[in-house]
Novice: 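Questions regarding the structure given below will be posed in turn.
Chain letters run A, B, ... following the sequence lines, proteins first, then strands; residues in each count from 1.
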There are 2 protein chains.
Amino acid sequence: MTTTTSIKEVARRAGVSLGTVSNVLNQPERVAEATRKRVLDAIAELGYVRNDSARQLRAGSSRQIAIVVLDVANPFFTDVVRGAESAAEEHGVMVVVCNSGEDADREHRHLDLLEEQRVRGVLITPVDDTRNSRLEKLIDRGTPVVLVDRGSGWHNRCSVAVNDVLGGRLAGEHLRAQGHREIAFVGGPMTIQQVADRHEGIKLALGEAADLVVVSTPNLTVASGRQAAGQIAGMPPAERPTAAFCANDLLALGVLQEMTQRGVKVPQDFAIVGYDDIEFAAAAAVPLSSVRQPREQLGRTATQLLLEEIESDGGHEHRHVVFQPELVVRASSSRPARRRSRTSSAG
Amino acid sequence: MTTTTSIKEVARRAGVSLGTVSNVLNQPERVAEATRKRVLDAIAELGYVRNDSARQLRAGSSRQIAIVVLDVANPFFTDVVRGAESAAEEHGVMVVVCNSGEDADREHRHLDLLEEQRVRGVLITPVDDTRNSRLEKLIDRGTPVVLVDRGSGWHNRCSVAVNDVLGGRLAGEHLRAQGHREIAFVGGPMTIQQVADRHEGIKLALGEAADLVVVSTPNLTVASGRQAAGQIAGMPPAERPTAAFCANDLLALGVLQEMTQRGVKVPQDFAIVGYDDIEFAAAAAVPLSSVRQPREQLGRTATQLLLEEIESDGGHEHRHVVFQPELVVRASSSRPARRRSRTSSAG
DNA sequence: CGGAGTCATTGAAACGTTTCATTAGACAGG
DNA sequence: CCTGTCTAATGAAACGTTTCAATGACTCCG
């Protein structure tokens, strides 16, 4: 298929040697004006395209970094990707986007391929934060890795994260201040550190002041949110929560949809706080309260740390950058004038 | 950096020749059981990772295809990407996701890099559908290309698209049936074929039955939608549209947000129909009517066409697959009981 | 026991670059 | 006219694979 025009033919056409063509491509200033022009003309005429495999083979490494995300369709990650891309672009580095789909096997397969391709470095939000020996191996073999939205327990790596415990606390304090005494935490699996941290945060915030019910979900999607809401609605009135803090906005939107569909009024009968503050949170049926994270910033910073490590010759110190989240209160959790006598009587 | 363990060291360790190791990797059945085991052990012990550059160099092509989208953060494209990924996975092919960000220069740079990497094929929604000589060149040089959500005027390529004229017509007929006489088309730039087709569709549907005002936007984002809504709200009451058909859901959500913020009631005072039916359309403040496209299917089919072309040895006939869109009517465009006397009086 | 036929393994060539030591040529100074 | 310096261009080696013709060892059959 791909017509194979090599440097050799360019050289012949221009009447110069192989090495000269290479120099024109890589160190143009070393080549005399006239020769350079002849070579460039030949390149244009033949439609020559440099073969990156050969270049890499010789050079030993590529000009690519990779970002492995949990879900390409999640607005949180797409924003992180955008941030990473813009930072990488400034350094002439290409970003390869890989989607693990929260599936450890797929993640591993991606890492295998990326390693074979000798990417310069990897930004990753690992599916499983605990026993990830595949990732360890990658690191041991010398590929720089920066953990995105992860961090604890990886002292041998740079990481970029948001203080999720704080995020959970903000949500918890807010809900407590609104007078809720039975609160659901919707999210899972707990092996995802973010989820565990957010849970930890709200637990800290509530203390003895309110009961926290964990409604566990298999992943962080709208569909799971709807299911969780169904589960909550099915609880006996006495112990049914009056508010939910969801581990991300997709879950929260799912909960909102399901509750609305069941005729449960938000926020009058049920308050919801999400996490991520994605673009659609503000546009939801009931504008969603959410914990905002600096998403693009996260991607940007992660990329900068990675490039820094790549460019440093060994003398690199791993850093952990932690951003502070911020609670954005909207209608979905705002205390209505009247209280939950209605909820009780309805239940 | 990357510790360089080559096939040579594996060979030495296992006490076999270079070629044998390669055979173990590529045609294991040709190698005797015992030898194979010895080689595999050596590979494991040394942590050998195949160098894909060298492999490609020898083989002449890679195991990757690329998808170049207009905007990674647009749910429409993320779904297309998911579809492409799942189809590619079945063929053991990796998908590289590239984001042009609706910027022709970036698109060109991506194509340059992809071509240097000798990707097997490219799925692309070109930024500019008209004079795209960069893409032509790629094709001429022999890289299979499938156009996604494009098609007209590219008879030398496979393409996968949705009948956008029909989509526009469905929206138009619906709005006309709801009694609207002044309708805005929000979208742009018109150089994007989809946008032009959707516009064409609604024009056809309305005919002489209603006036169509084009509110042009520089791109297809929520922000642009808000601006467009501002523009509409600023028109003199007499010629102000009572409904908008937006070229995609992001614009529609923007219009909805801005209108709501200005106190214009949707759908009582102003009806909105979007396009794409993204996941968030149903969850919007006022659930959004939208023209639904089979997004994942689009990505799947495009990938299948591409792989088909790649695997066929020359004897390939280009095909154009067109999917039919479907109008999903929700609250944002449903005729309320009362009519627009209110709008008039308010204006 | 010899020759044909299998089967497993080998060794070298080739892929398209980059790099680097070397050569050729021009020019200046003595 | 010789020597030394500087610039421009060359040619060969190297990167790590895959491929393929050739080799060697065995087995089978006559």
Novice: Would you mind writing out the side-chain donor-acceptor pairs for residues 14-23 of chain B within the sub-3.5 Å range, not counting sequence neighbours?
Specialist:
unit_1   : atom_1 : unit_2   : atom_2 : d
Ser17(B) : OG     : Gly19(B) : N      : 3.4
Ser17(B) : OG     : Thr20(B) : N      : 3.4
Ser17(B) : OG     : Thr20(B) : OG1    : 3.3
Ser22(B) : OG     : Asn26(B) : ND2    : 3.2
Asn23(B) : ND2    : Gly19(B) : O      : 3.4

Novice: So for Arg58(B) and dA14(C), does any side-chain atom that can act as donor or acceptor lie under 3.5 Å from a complementary atom in the base?
Specialist: yes
Novice: Under 3.5 Å, side chain of His318(A) to main-chain N/O of Asn156(A), donor-acceptor pair present?
Specialist: yes
Novice: From dG16(D), dT10(C), dC15(D), pick the nucleotide closest to the side chain of Leu57(B)?
Specialist: dG16(D)
Novice: Using atom types as modelled and distance alone, determine if a side-chain donor or acceptor of Asn99(A) lies under 3.5 Å from a backbone N or O of Val72(A).
Specialist: yes
Novice: In whole angstroms, how far is the P atom of dA9(D) from the CD atom of Glu33(A)?
Specialist: 11 Å
Novice: Base, sugar-phosphate alone, or nothing: which one does Asp52(A) contact when heavy atoms must sit under 4.0 Å apart?
Specialist: nothing
Novice: Nearest whole angstrom, please: distance from the C1' of dC15(C) to the NZ of Lys8(A).
Specialist: 9 Å
Novice: Calculate the interatomic distance between Gln56(B) atom CD and dT19(D) atom C1'; express it in whole Å.
Specialist: 17 Å
Novice: Hey, is the side chain of Thr35(A) poking within less than 4.0 Å of OP1 or OP2 on dA9(D), counting only N and O atoms?
Specialist: yes
Novice: Quick check on dG16(D): is either OP1 or OP2 less than 4.0 Å from any side-chain nitrogen or oxygen of Ser6(B)?
Specialist: no
Novice: Determine: side-chain N/O of Asn51(A) to OP1/OP2 of dT17(C), distance under 4.0 Å, yes or no.
Specialist: no
Novice: Counting side-chain heavy atoms from CB outward, which of dA9(D), dT18(D), dT10(D) is closest to Ala32(A)?
Specialist: dA9(D)
Novice: Expressed as a whole number of angstroms, how long is the span from Leu46(A):CG to dG16(C):P?
Specialist: 14 Å
Novice: Rounded to the nearest Å, what distance is computed from the CZ atom of residue Arg30(B) to the P atom of nucleotide dT6(C)?
Specialist: 15 Å
Novice: Any idea which of dT19(D), dC15(C), dT19(C) is nearest the Asn23(A) side chain?
Specialist: dT19(C)
Novice: Whole angstroms only, please: what is the CZ-P distance between Arg63(B) and dT17(D)?
Specialist: 18 Å
Novice: Base, sugar-phosphate or nothing for Ala59(A)? Non-hydrogen atoms, less than 4.0 Å.
Specialist: nothing
Novice: Rounded off to whole Å, could you give me the CG-to-C1' distance for the Asn26(A) and dG16(C) pair?
Specialist: 13 Å
Novice: Hey, does the side chain of Gln64(B) reach the backbone of Met94(B) with a donor-acceptor pair shorter than 3.5 angstrom?
Specialist: no
Novice: Output yes when at least one side-chain N/O atom of Thr4(A) is less than 4.0 Å from OP1 or OP2 of dG16(C), else no.
Specialist: yes
Novice: Pick the nucleotide of DNA chain C nearest each of Arg38(B) and Leu18(B); which residue has the one closer to the 5' end?
Specialist: Arg38(B)
Novice: Around atom CD of Glu33(A), are there more than 12 heavy atoms from other residues, nucleotides or ligands closer than 6.0 Å?
Specialist: no
Novice: Counting any heavy atom closer than 4.0 Å, what does Ser22(A) reach on the DNA or RNA strands: base, sugar-phosphate only, or nothing?
Specialist: base
Novice: More than 12 foreign heavy atoms under 6.0 Å from CD of Glu317(A): is that the case here?
Specialist: no
Novice: Grab the CD1-P distance between Ile7(B) and dT18(D) for me, whole Å please.
Specialist: 5 Å
Novice: Have a look at Thr20(A) and say if it touches a base, only the backbone sugar-phosphate, or nothing, with a 4.0 Å heavy-atom cut-off.
Specialist: base
Novice: Just compare dT17(C), dT10(D), dA9(D) and give me whichever is closest to any side-chain atom of Val16(A).
Specialist: dT10(D)
